[in-house]
Amino acid sequence: EDETDTIANMANIASMIHQTFGFWWTGFYRVRTIPESEKEMLVLGPFQGPLACSRIPFGRGVCGTAWKLAETVIVSDVDKFPGHIACSSASRSEIVVPVFGEDGSKITAVLDIDSAELATFDEVDKEWLEKIVKVLA
């Protein structure tokens with residue numbers, strides 16, 4: 001309550017979801033401008049779980065696709081998702097939820113959750129995770 005630091009809130013949200021549900025990987029990628037290229041990329045933010053990819057381009061993998069589409073993406077079997085970025089072969093299904101800024105027009109981050117089980121996520125997860133990330137706006 002009353003915490004205004006986005007990184008602190010991301011860290012606690014990732015921890016609470018991860019500890020409550022025991023997912024394989026739970027965390028955030030933040031939209032950042034990379035100085036050497038002046039391009040925006042998703043850069044690893046607060047997370048819980050094993051080693052992760054540190055940068056993801058726009059439109060690449062499930063995270064980059066959710067960013068490009070500006071909508072939540074649910075993948076029941078990551079092996080069947082074209083262009084999936086396999087940071088870990090233990091990940092079997094995934095949900096990625098965009099985080100919108102204050103005015104709701106620009107994506108500032110994505111919440112990425114991976115499960116070691118197939119078809120873990122559904123519309124109920126989508127609904128509630130979208131509500132959770134709204135606290136970051």
Side-chain angles (χ1 to χ4, degrees):
E1 185 177 344
D2 298 326
E3 179 56 63
T4 59
D5 186 90
T6 301
I7 300 298
N9 285 329
M10 285 179 169
N12 277 328
I13 288 169
S15 177
M16 287 186 289
I17 292 169
H18 195 77
Q19 294 298 316
T20 300
F21 296 101
F23 294 125
W24 176 252
W25 196 93
T26 309
F28 289 90
Y29 283 92
R30 301 182 311 133
V31 176
R32 311 302 296 162
T33 300
I34 307 305
E36 55 270 16
S37 68
E38 296 300 319
K39 291 184 179 179
E40 286 187 327
M41 292 188 87
L42 291 172
V43 177
L44 183 63
F47 74 95
Q48 299 281 309
L51 183 70
C53 301
S54 58
R55 294 184 182 188
I56 299 173
F58 184 76
R60 184 151 181 252
V62 183
C63 289
T65 299
W67 179 22
K68 181 178 179 179
L69 298 175
E71 64 185 39
T72 299
V73 175
I74 298 171
V75 179
S76 295
D77 183 347
V78 296
D79 292 334
K80 294 180 181 175
F81 188 87
H84 175 254
I85 300 170
C87 295
S88 169
S89 60
S91 176
R92 303 298 312 279
S93 61
E94 187 170 359
I95 186 169
V96 179
V97 181
V99 178
F100 293 90
E102 282 186 58
D103 69 358
S105 66
K106 184 172 170 40
I107 294 174
T108 59
V110 297
L111 170 60
D112 179 20
I113 304 175
D114 292 33
S115 172
E117 306 295 327
L118 290 171
T120 299
F121 307 103
D122 59 22
E123 291 298 314
V124 173
D125 298 301
K126 175 183 182 291
E127 176 187 350
W128 287 99
L129 291 170
E130 287 175 351
K131 288 179 182 182
I132 288 170
V133 300
K134 284 185 180 179
V135 305
L136 297 170

Looking at [atom1] of [X] and [atom2] of [Y], how far apart are the two atoms once the value is rounded to the nearest 0.5 Å?
X: Glu94; Y: Trp25; atom1: CD; atom2: CH2; value: 9.0 Å
X: Phe28; Y: Ile113; atom1: CZ; atom2: CD1; value: 8.0 Å
X: Met10; Y: Asn12; atom1: CE; atom2: CG; value: 12.5 Å
X: Leu42; Y: Ser54; atom1: CG; atom2: OG; value: 11.5 Å
X: Thr26; Y: Ile13; atom1: OG1; atom2: CD1; value: 12.0 Å

Report yes or no: does Asp112 contribute a side-chain atom to a donor-acceptor pair with the main-chain N or O of Tyr29 at less than 3.5 Å?
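Not at all, since once roles are kept as given, no pair shorter than 3.5 Å links the two residues.
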Given 3.5 Å as the limit, does a donor-acceptor pair link the side chain of Trp24 with the main chain of Gly49, or not?
no
Just distance, no hydrogens or angles: give the donor-acceptor pairs under 3.5 Å from side chains in residues 118-137, sequence neighbours left out.
from, atom 1, to, atom 2, distance (Å)
Thr120, OG1, Ser93, OG, 3.2
Thr120, OG1, Ser115, OG, 2.7
Thr120, OG1, Glu117, O, 3.0
Asp122, OD1, Val124, N, 3.0
Asp122, OD1, Asp125, N, 3.1
Asp125, OD2, Asp122, N, 2.9
Lys126, NZ, Glu130, OE2, 3.2
Glu127, OE2, Lys131, NZ, 3.4
Glu130, OE2, Thr72, OG1, 2.6

Side-chain donor-acceptor pairs under 3.5 Å in residues 101-110, sequence neighbours left out?
from, atom 1, to, atom 2, distance (Å)
Asp103, OD1, Ser105, N, 3.0
Asp103, OD1, Ser105, OG, 2.9
Asp103, OD2, Ser105, OG, 3.0
Lys106, NZ, Glu40, OE2, 2.9
Thr108, OG1, Val99, O, 3.3

Kindly work out whether a path of hydrophobic side-chain contacts (I/L/V/M/F/W/Y, heavy atoms less than 4.5 Å apart) joins [X] to [Y].
X: Phe23; Y: Val78; answer: no
X: Val97; Y: Val43; answer: no
X: Leu44; Y: Leu111; answer: no

List the atom pairs, with distances to 0.1 Å, where a side-chain N or O of residues 55-66 and a protein N or O form a donor-acceptor pair under 3.5 Å, not counting sequence neighbours.
from, atom 1, to, atom 2, distance (Å)
Arg55, NH1, Glu36, OE2, 3.3
Thr65, OG1, Gly61, O, 2.6

Shortest non-hydrogen contact between Pro46 and Ala14, atoms and distance:
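Result for this residue pair: O-CB, 4.2 Å.
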